[in-house]
Amino acid sequence: MDVEGASEILSRLRDVLRDSAVEEHDWDAVVGETPIESLGFDSLTILDVLYDVEEEFGIALDPKQVVKTRTVGEIIALLEQNGA
Amino acid sequence: MLHFLEYWAARLALLGVDLLPPAAASRWAAALGSLWWTADRPRCRVAISNILRAGVAGDRRQARAIGRGAARHMGMVLVESMKSELVLDDPERLRVDIPDDVAAVLEDPDRGLIVVSGHLGNWEIAGQWLSRYKPVAGISRPMNNPRVQELALSRRQRRRFRMIPKYDPDPGRFLKLLGDGEILALLIDQHARRGIDAPFFGHPAKTHTTAAMLHLVARTPLTLLVCRRTAPMTFELSLSPLIEQPRSGDRDADVQAIVRTLNAHLEAAIRRAPDQYLWGHRRWR
């Protein structure tokens with residue numbers, strides 16, 4: 001993974017999370033190793049975030065791939081694989 | 001105390017359903033529905049107010065008649081759901097209208113489907129019929145009375161139909177089900193605290209956005225299903241052609257467009273059978 005590219009994606013991802021999330025969270029503390037389950041999303045709130053992430057990066061994610069991710073780093077890798 | 005009474009009323013109703021043949025059980029349940037209409041005055045007032053607001057009755061007398069009919073209908077839904085095999089296994093009792101595009105999805109084991117309905121006709125039979133094609137997960141919130149909830153869950157005939165909670169702590173739960181080619185079924189016509197305002201019978205009503213968001217994010221086809229009673233233990237089940245909403249980049253606008261379409265479809269179906277709708281819910285708050 002390109003460290004600089006991943007860092008930029010992480011920064012943009014934090015911004016999307018900050019704008020989309022309903023729950024308060026310290027988004028600046030989110031790093032690649034952060035487990036997704038610790039971000040406080042449920043089966044409904046995650047949908048808003050995924051829509052906004054796809055729009056931010058101009059890509060379409062395969063939901064089957066998304067549900068396999070466990071950490072923010074894995075999401076970033078998925079975004080990179082899809083051309084983000 | 002109220003929960004206790006509700007639980008034993010439900011037990012009594014089920015006892016009658018178990019002991020009587022289907023036609024008599026249906027009359028028994030309709031009579032209980034009528035009794036409930038007479039006894040639960042606050043709910044009765046809500047129903048009459050909703051019927052008048054929706055404009056499906058010309059005056060208060062007509063609204064009362066529709067409300068009482070709907071209360072009897074809800075009793076019959078209970079019986080029909082318990083005796084659903086009589087309906088599901090008899091093509092004379094269940095006439096089905098499936099558009100070609102929906103049929104193609106139902107017959108493809110790899111494609112998920114979002115099916116939306118309301119508390120109209122018999123949604124339980126509809127769910128069980130759907131599960132002939134694919135496993136069905138019905139998204140629901142728990143009943144207010146946990147004892148009645150437990151009783152209801154233990155008595156429903158299941159086939160491949162199961163209930164799952166609306167707020168699942170596993171964020172990927174719904175996406176995974178759809179990715180596995182299952183059907184996700186939702187009733188969208190109750191007040192949605194976290195929903196958006198969309199017209200329902202000409203008045204803004206807080207409406208659930210889950211079906212719309214799943215359609216947009218999972219890119220899964222979406223349809224509206226109605227299972228209307230045409231005679232005792234006899235139904236007409238129809239699905240809308242697939243509802244397609246291309247993404248515009250404006251999430252709120254996309255969701256609003258889908259929710260409006262769904263509400264319009266459901267409203268039209270309710271107008272065809274207003275005495276088969278659950279009017280006692282405070283839809284407009």
Side-chain angles (χ1 to χ4, degrees), chain A residues 12-27 30-79 81-84, chain B residues 110-114 137-141 163-182 184 186 188 192-196 206-222 245-259:
Chain A
R12 289 167 67 189
L13 191 56
R14 282 191 193 124
D15 289 342
V16 174
L17 293 170
R18 191 176 286 114
D19 292 343
S20 302
V22 178
E23 303 284 326
E24 285 295 317
H25 194 91
D26 181 6
W27 300 110
V30 170
V31 293
E33 294 74 27
T34 303
I36 292 168
E37 65 179 20
S38 71
L39 300 178
F41 298 118
D42 61 29
S43 49
L44 300 187
T45 52
I46 195 71
L47 300 175
D48 292 348
V49 174
L50 285 174
Y51 183 105
D52 292 346
V53 166
E54 289 183 331
E55 292 303 322
E56 167 65 22
F57 292 96
I59 57 174
L61 296 172
D62 179 354
K64 284 186 180 175
Q65 297 294 321
V66 172
V67 298
K68 289 181 186 164
T69 57
R70 292 288 170 264
T71 65
V72 170
E74 288 175 17
I75 288 279
I76 291 170
L78 190 60
L79 290 168
Q81 284 166 26
N82 283 275
Chain B
D110 294 328
R111 296 185 71 188
L113 179 65
I114 304 161
I139 300 177
S140 71
R141 75 169 183 83
M163 304 303 291
I164 59 172
K166 191 164 82 175
Y167 299 108
D168 197 301
D170 174 3
R173 178 76 179 275
F174 298 163
L175 294 173
K176 185 169 186 312
L177 291 174
L178 292 173
D180 289 343
E182 296 196 20
L184 218 49
L186 307 93
I188 58 158
R193 193 168 44 85
R194 285 161 57 176
I196 59 167
K206 286 276 183 213
T207 308
H208 291 287
T209 59
T210 311
M213 282 307 299
L214 281 167
H215 172 65
L216 293 167
V217 171
R219 296 171 179 81
T220 303
L222 170 65
Q245 176 63 38
R247 283 170 56 146
S248 69
D250 183 337
R251 167 157 57 91
D252 292 344
D254 292 348
V255 169
Q256 180 71 231
I258 297 169
V259 165

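Residue numbers begin at 1 in each chain, while the letters A, B, ... track the order of the sequences.
Partners of B:Thr207 according to the side chain to side chain donor-acceptor pair (under 3.5 Å) rule, which considers only residues two or more places apart in sequence or in another chain, are B:Asn263, B:Arg283. Residues passing the side chain to side chain donor-acceptor pair (under 3.5 Å) test with B:Gln245: none are found, sequence neighbours excluded.
For a residue to count as touching a neighbouring chain, one of its non-hydrogen atoms must lie under 4.5 Å from one of that chain's; by this rule A:Leu61 touches chain B with the backbone only. Contacts of A:Leu47 with chain B are made by both backbone and side-chain atoms, with heavy-atom separations under 4.5 Å. In this structure, no portion of A:Glu37 lies under 4.5 Å from any heavy atom of chain B. Residue contact with chain A, scored on non-hydrogen atoms closer than 4.5 Å, is absent for B:Asp252.
Chosen from A:Ile46, A:Asp42, A:Val66, the residue pairing most often with chain B at heavy-atom distances under 4.5 Å is A:Asp42. Between chain A and the options B:Ile139, B:Thr210, B:Thr209, the largest number of non-hydrogen pairs under 4.5 Å is found for B:Thr210.
A distance of 10.5 Å separates NE2 in A:His25 from CZ in A:Arg14, rounded to the nearest 0.5 Å. Distance check: B:Ile188 CD1 to B:His208 NE2 gives 8.5 Å after rounding to the nearest 0.5 Å. Rounded to the nearest 0.5 Å, atoms CG (A:Asp15) and CG (A:Asp19) are 6.5 Å apart.
Using a cut-off of 4.0 Å between Lys/Arg side-chain N and Asp/Glu carboxylate O, A:Glu74 and A:Lys68 are scored as not salt-bridged. Taking a cutoff of 4.0 Å between a charged side-chain nitrogen and a carboxylate oxygen, A:Arg12 and A:Glu56 qualify as a salt bridge.
Proximity to chain A among residues 172-180 of chain B is limited to B:Gly172, B:Phe174, B:Leu175, B:Lys176, B:Gly179, judged by heavy-atom separations below 4.5 angstrom.
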#### Entry: Working for side chain to side chain contact (heavy atoms under 4.5 Å, CB included), residues A:Asp48 and A:Phe41
CA-CA 10 Å; A:Asp48 292 348; A:Phe41 298 118; over 6 Å; no
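For residues 58-67 of chain A, the set of pairs meeting the side chain to side chain donor-acceptor pair (under 3.5 Å) definition, not counting sequence neighbours, is empty.
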